[in-house]
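Keep in mind that what you see is a predicted model, and the values were worked out from it rather than measured.
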Amino acid sequence: MSVTKGNLYLIPVTLGDVDPLEVMPASVKRIVELVDYYIVENEKTARRSIKALMPDKVQSELQFSIIDKHTEAHEVPSFLNPCLEGQHMGLMSEAGVPG
């Protein structure tokens, strides 16, 4: 039985204290509405960015994989497991727009 794979979305993050809905297309908000699994550099700032886009999103339902200078290379492939199992995922970078 084949499982439909999810999509991996590159989600832009604003730099500084800017209302993201003033500088990002509405499609970004729709994507954040769909996604509960994230690959991020810093969970605290990722949660803040998600909350700015979707204040009513239930934070306790979000799952984060941290990719930073302490992440071992062999750990990274497993970060995509939810996506391979059909869940949509988001990649957020501390450097603003990823990719």
Item to complete: Decide side-chain contact (heavy atoms from CB on, under 4.5 Å) for Ile39 and Met92; before the verdict, give the C-alpha distance in whole Å, the side-chain angles of both, and the deciding distance to 0.1 Å.
Response: CA-CA 6 Å; Ile39 300 171; Met92 300 173 84; over 6 Å; no
Fill in: side-chain contact (heavy atoms from CB on, under 4.5 Å) between His88 and Tyr9, worked out
CA-CA 8 Å; His88 297 308; Tyr9 295 99; 4.0 Å; yes
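Expressed to the nearest 0.5 Å, how far CG of Leu8 lies from CE of Met89 amounts to 6.5 Å. Atom NZ of Lys5 sits about 14.5 Å away from atom CD of Gln87, to the nearest 0.5 Å. Taking CD of Glu43 as the start and CD1 of Ile66 as the end, the distance is 5.0 Å to the nearest 0.5 Å. Residue Asn81 holds its CG atom at 9.0 Å from OG of Ser65, rounded to the nearest 0.5 Å. Rounding to the nearest 0.5 Å places CG of Leu84 at 12.5 Å from OG1 of Thr4. Taken from CZ in Arg30 to CG in Leu53, the straight-line distance is 12.0 Å, to the nearest 0.5 Å.
Residues Pro12 and Val28 have side chains in contact (heavy-atom distance under 4.5 Å, counting atoms from C-beta outward). Counting heavy atoms from C-beta outward, Val13 and Glu94 have side chains that stay 4.5 Å or more apart. Between Phe64 and Arg47, some side-chain heavy-atom pair lies under the 4.5 Å cut-off. The side-chain heavy atoms of Tyr38 and Leu91, taken from C-beta on, include no pair separated by under 4.5 Å. Proximity of Leu62 to Tyr37: side-chain heavy atoms (C-beta onward) are nowhere separated by under 4.5 Å.
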